[in-house]
Amino acid sequence: MSKEIPAQYDASKVEDKWYAYWMENNYFHSEPDDRESFTVVIPPPNVTGVLHMGHMLNNTIQDVLVRRARMQGYNACWVPGTDHASIATEAKVVRKLRSKGITKKDLTREEFLEHAWEWTHEHGGIILEQLKKLGASCDWDRTAFTMDEDYSESVIDVFIDLHEKGKIYRGERMINWDPAAQTTLSDEEVIHKEVDSKLYHIRYKIVGEDEYVTIATTRPETILGDTAVCVNPGDERYTHLHGKKVIVPLVNREIPVIQDDYVDMEFGTGCLKITPAHDVNDYEIGQKHNLETIDVLNADGTMSEAAQLYIGEDRFDVRKKIANDLEEVGHLIEVENYKNKVGFSERTDVPIEPRLSLQWWVDMDQLSKPALDNVMDDTVEFHPAKFKNSYRHWMENIRDWNISRQLWWGHRIPVYYYGEGHDDYVVAKSLEEALPKAQDKSGNQDLKASDLRQDEDVLDTWFSSWLWPISVFDPDYIRTGKANQELQYYYPTKDLVTAPEIMFLWVARMIVSGYEYMDDKPFDNVYYTGIVRDKKGRKMSKSLGNSPDPLELIKKYGADGIRMGMLFATPAGNDLPFDEKLCEQGRNFCNKIWNAFRFLTMNMEDGEKYDPTLEINNEDISDRWMAARIQQTIQEVNKDFDNYKLNDALKKVYSLIWDDFCDWYIELAKPEVYGEKIPVDKLNTALGFFEQLMKLLHPFMPFISEEIYQHIQDRSTNEALLISEWPKADESKLNEDDLKLFGTLQQMVSSLRNIRSEVNVSPKEELDVLISTKEQSTADALLENQLVLKKLESIQSLSIATEIDKPKVYSSSIVDGNELFVPLDGLVDFEKERERIQKEIDRLEGFLTGIEKKLANKGFINNAPENVVELEKKKKADTEDSLAKLREQLKDFEK
RNA sequence: GCGUCCCUAGCUCAGUUGGUUAGAGCGUUGCAUUGACAUUGCAGAGGUCACUGGUUCGAAUCCAGUGGGACGCACCA
């Protein structure tokens with residue numbers, strides 16, 4: 001042996017070694033040059049986040065794409081980074097402070113931000129370190145963060161620019177209020193869930209009468225904010241109520257009965273209470289009918305002063321209480337169980353409250369147009385394409401984007417107020433810039449800096465990450481309008497790999513900003529990954545505690561093993577039902593590869609050098625076949641990559657290595673005599689093949705492939721597999737005849753093994769084998785390559801000819817129309833053999849009947865394409881031929 | 001409620017414009033193994049392609065309906 005090859009593959013050792021080597025040699029780093037760029041920007045994980053299975057899957061896929069592109073000769077650049085994740089991070093900081101007995105209210109904005117930065121520095125970037133364990137070949141020199149100083153500036157620049165263009169405005173609207181985080185949320189951050197709730201039927205007394213009217217509501221606490229009761233004008237049951245007033249129970253406030261078509265006569269009692277402050281529709285009806293708005297809730301979800309009752313108590317406690325209280329005074333008529341959908345905050349998971357509020361908005365109507373068109377015409381391609389449907393639906397019904405958040409962690413809105421009026425503000429990058437503007441706009445030159453007050457709110461996290469593909473390369477671009485060399489070179493990026501969950505939150509908006517600012521798409525392709533689920537089909541999540549620790553998995557199975565396990569089971573857009581079994585399979589594959597390599601090295605003489613070659617021995621069918629199989633696989637794998645079918649590509653490489661190379665090629669390479677070594681030429685060819693296989697495997701399993709490659713190369717050069725050339729498809733090496741001939745030989749070997757198994761003959765026992773071929777040419781070819789049969793099966797004598805003398809007692813098989821006999825005196829059970837042959841005859845007869853029926857059908861003959869008819873005819877002839885042979889054989893056993 | 005997608009072996013899924021008797025991995029059964037690998041090898045069993053009807057010479061594949069499931073969107077109190 002020329003090198004010490006450890007008997008056991010130690011994944012963690014090998015993986016750390018090569019990752020360090022790649023980093024030392026700066027292989028992941030990219031600079032613009034004259035090659036074509038292949039850019040991927042990472043979906044930035046939350047800066048204080050921890051790696052979960054979703055990241056593992058997502059980043060493995062990106063790495064596969066990037067590594068292959070790098071080998072193909074592109075200038076591959078994968079930009080890593082993190083997102084400040086405004087609401088998510090702030091929630092974490094608040095929680096941490098609370099555990100220390102500090103509440104956010106006790107702190108000033110500056111103090112709170114100090115804590116937040118501290119937390120960010122402490123936990124920030126951990127997730128990126130974890131990605132290195134996975135093998136991610138990111139250009140770490142480019143690591144970006146959405147709150148980096150220059151990045152933040154670009155975010156503010158966009159706000160200023162869109163405001164100037166009139167695309168950003170301030171408006172009072174019904175918004176989604178998160179009472180836990182105490183901020184607004186965009187519609188996309190609200191998750192609607194079906195919940196079991198109750199429908200309360202409550203009666204209101206009609207003023208001046210002893211009559212009552214009954215309404216139905218799921219939120220009885222909001223009756224305190226009722227300012228009308230509404231009926232459908234066409235509802236004859238309630239005609240008598242027109243123009244009258246009713247009394248809100250408990251608070252005894254008189255409110256009018258109004259009429260509006262909006263009310264569904266069929267639903268509930270057909271009588272609807274109107275609470276303009278707490279329901280989107282009620283608000284609109286309130287506007288239309290000039291109703292008063294009474295906001296009975298505080299920001300934290302407790303009842304406000306305006307409610308008059310239950311002040312300071314939580315909305316859900318009050319719901320129960322008020323039902324009791326109403327019942328006591330005889331106003332609660334009925335409570336029925338009811339299922340309805342309630343909006344929950346994506347981040348805090350509490351029911352949101354519709355609330356009237358003054359917020360900042362982006363007018364999406366015009367901005368979204370190019371983003372819709374360019375996805376529909378595949379300028380930006382979605383994989384799988386089915387997601388185009390929901391994308392279109394969302395884009396066609398797009399609503400304005402609420403971008404202000406009542407939080408502190410994030411990009412503070414660059415708006416400075418100088419007065420109380422609706423338009424008494426200016427937009428500017430700093431207080432210094434704001435002052436002259438404010439003086440101008442107000443006409444008050446005495447205005448001082450201290451008279452200006454910056455907006456307290458920050459921007460939606462996605463308002464910064466929608467610039468990701470632009471600002472990571474040139475944060476000044478928004479301001480200057482002139483793309484630097486980097487942006488020109490790397491934009492548009494190639495592939496975006498992300499979860500469908502954030503299609504609207506992030507993907508759509510990047511496309512919008514891309515067309516608005518670059519006048520070009522941000523990426524050519526979007527690859528949507530599936531959701532990683534546990535065995536019960538539940539989404540893996542921290543709260544459920546059903547997610548394995550990725551780092552533990554890597555320790556146990558190796559990063560290569562996990563990468564393979566995940567990729568094996570996940571086509572684009574399909575969920576990944578995760579099972580550790582998959583990782584085990586990946587680890588076993590590493591072991592298989594390692595042992596195949598070990599075996600080859602054991603055949604080397606001491607001091608001998610590895611000298612892998614792509615030269616093959618043209619006399620050797622196994623060489624020709626292996627070369628052809630590799631060619632075939634290169635072509636298929638390239639095609640799979642083009643279609644983003646990474647799992648199919650991996651399966652083909654897996655099968656090429658395990659089934660073809662290990663189980664057939666290496667078996668055939670073994671010397672005939674045990675103990676002898678593989679001839680050097682053959683060994684070098686095998687190593688040459690091995691090297692090709694490692695190249696094909698590298699994007700999927702970068703570590704073990706690099707390890708093997710470096711051993712095989714045995715060079716002192718610095719060249720790494722990761723920057724070696726992706727195997728080129730070469731039609732001339734794809735010899736179909738070789739594939740077919742070897743296929744026949746494989747089937748013959750299988751047949752012989754099958755016969756042994758059926759007749760219970762040990763694999764060691766040497767057999768006499770007789771093969772009667774249909775054609776002389778087949779006989780010649782088999783004779784020429786009889787070594788294949790002899791090496792893989794214990795054979796004492798082998799006769800191959802068109803005419804052979806059938807043995808008296810035998811077991812047999814038909815392979816491609818050729819008969820194969822094994823004389824087995826005393827071993828053959830006549831009864832069993834007859835059954836076996838009869839079964840085969842029955843099968844073929846059934847098959848033949850089908851073909852004959854087809855061929856007798858005039859419709860088929862007339863309408864089917866000629867080649868299909870020809871094929872049927874050939875099938876018929878072949879089947880008849882085989883049947884004749886089988887019937888002959890059957891006779892032999894009836895003797 | 002509207003829209004989209006899905007239903008193929010015990011499980012997870014392939015099956016590209018309709019054309020061999022529908023494939024893979026895992027699992028399962030039997031056999032083998034003292035030197036590459038039990039993290040192995042060989043051989044086998046296993047499917048009315050959810051159901052019904054239609055189009056066609058021919059349907060897992062196209063169409064319609066039924067049943068079951070997933071997701072997206074929406075203001076049903």
Side-chain angles (χ1 to χ4, degrees), chain A residues 5 7 9 174 187 192 199 215-219 222 230 262-264 266-275 279-284 338 340-341 354 384 386-394 397 500-501 503-504 531 535 537 561 568-571 573-577 579 581-582 584-585 587-603 639 643 645 647-648 651 654-655 662-663 666-667 670 674-675 749-750 753-758 760 762-764 843-844 846-847 850-851 853-854 857-865 867-869 871-872 874-875 878-879:
Chain A
I5 305 294
Y9 180 69
M174 275 308 231
D187 295 335
H192 292 274
L199 192 59
I215 58 91
T217 179
T218 51
R219 300 163 66 205
T222 63
C230 189
Y262 170 77
V263 178
D264 179 356
E266 306 297 318
F267 191 89
T269 61
C271 196
L272 176 67
K273 74 188 206 59
I274 305 294
T275 321
D279 185 278
V280 179
N281 301 302
D282 290 12
Y283 174 70
E284 275 163 23
Y338 186 69
N340 66 338
K341 287 208 171 171
K386 67 178 178 184
F387 286 112
K388 279 166 75 178
N389 289 321
S390 48
Y391 180 84
R392 181 180 61 209
H393 188 263
W394 189 75
N397 298 285
E501 296 171 293
M503 179 161 56
F504 307 135
I531 295 164
K535 282 182 199 164
F568 227 59
T570 175
N574 269 26
D575 288 353
L576 167 61
D579 189 332
K581 269 259 155 60
L582 294 165
E584 217 172 281
Q585 213 185 329
R587 185 199 58 194
N588 294 356
F589 188 36
C590 286
N591 182 255
K592 185 73 184 176
I593 293 169
W594 186 245
N595 278 295
F597 175 64
R598 264 183 65 218
F599 174 71
L600 292 181
T601 62
M602 283 173 173
N603 279 277
K639 203 174 154 198
N643 295 320
K645 295 190 165 185
N647 62 329
D648 287 346
K651 278 175 187 169
Y654 175 83
S655 167
C662 292
D663 289 348
I666 292 188
E667 285 307 315
K670 286 181 180 173
Y674 184 80
V749 170
S750 285
R753 287 168 177 169
N754 180 244
I755 287 169
R756 283 182 195 276
S757 165
E758 300 232 352
N760 245 326
S762 145
K764 278 184 190 161
R843 191 181 71 89
L844 286 179
F847 185 39
I851 299 169
K853 235 165 142 183
K854 248 188 195 176
N857 185 335
K858 272 187 196 155
F860 177 72
I861 301 291
N862 294 335
N863 294 317
N867 60 328
V868 174
V869 177
L871 196 71
E872 283 311 304
K874 185 172 183 316
K875 264 159 56 182
D878 288 350
T879 311

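By convention in this document, chain letters (A, B, ...) are assigned in the order of the sequence lines, proteins followed by strands, and residues within each chain are numbered from 1.
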Answer with base, sugar-phosphate or nothing: what part of the nucleic acid does Glu667(A) contact at a heavy-atom distance below 4.0 Å? base

Which nucleotide in G19(B), A36(B), C57(B) has an atom nearest any side-chain atom of Lys854(A): G19(B)

Donor/acceptor link under 3.5 angstrom from Lys581(A) side chain onto base of C26(B): no

Under 4.0 angstrom, heavy atoms only, what part of the nucleic acid is Lys670(A) near: base, sugar-phosphate, or nothing? base

Using a cut-off of under 3.5 Å, enumerate the N/O to N/O pairs linking the protein to nucleotides 15-17 of chain B.
from, atom 1, to, atom 2, distance (Å)
G15(B), OP1, Lys645(A), NZ, 3.0

Give a yes/no answer on whether the side chain of Asn591(A) brings an N or O atom under 4.0 Å of OP1 or OP2 in U39(B). no

If you look at every strand shown and take non-hydrogen atoms under 4.0 Å, does Ala596(A) touch a base, only sugar-phosphate, or nothing? base

Backbone N/O of Arg587(A) and side chain of Asn591(A): donor-acceptor pair under 3.5 Å: no

Quick one: which of U40(B), C5(B), A36(B) gets closest to the side chain of Asn588(A)? U40(B)

Check every strand shown and say whether Asn574(A) touches a base, only sugar-phosphate, or nothing at a heavy-atom separation below 4.0 Å. sugar-phosphate

Which part of the nucleic acid does Pro354(A) contact within heavy-atom distance under 4.0 Å: base, sugar-phosphate only, or nothing? nothing

Expected string for nucleotides 71-77 of chain B under the B/S/- scheme (protein heavy atoms, under 4.0 Å, primed atoms plus P, OP1, OP2 as sugar-phosphate) is -SBBBBB

Base, sugar-phosphate, or nothing: which does Ile755(A) touch, judged by heavy atoms less than 4.0 Å apart? nothing

With rounding to whole Å, what would you report as the distance between U21(B) and A74(B) at their P atoms? 49 Å

Below 3.5 Å is the cut-off: list the nitrogen or oxygen pairs between protein and nucleotides 42-45 of chain B, distance only.
from, atom 1, to, atom 2, distance (Å)
A43(B), OP1, Ser750(A), OG, 2.9
A43(B), O3', Asn754(A), ND2, 3.2
A43(B), O2', Asn754(A), ND2, 3.3

Go through C57(B), U39(B), U40(B) for me and flag the one nearest to the Arg587(A) side chain. U39(B)

Base, sugar-phosphate alone, or nothing: which one does Arg843(A) contact when heavy atoms must sit under 4.0 Å apart? base

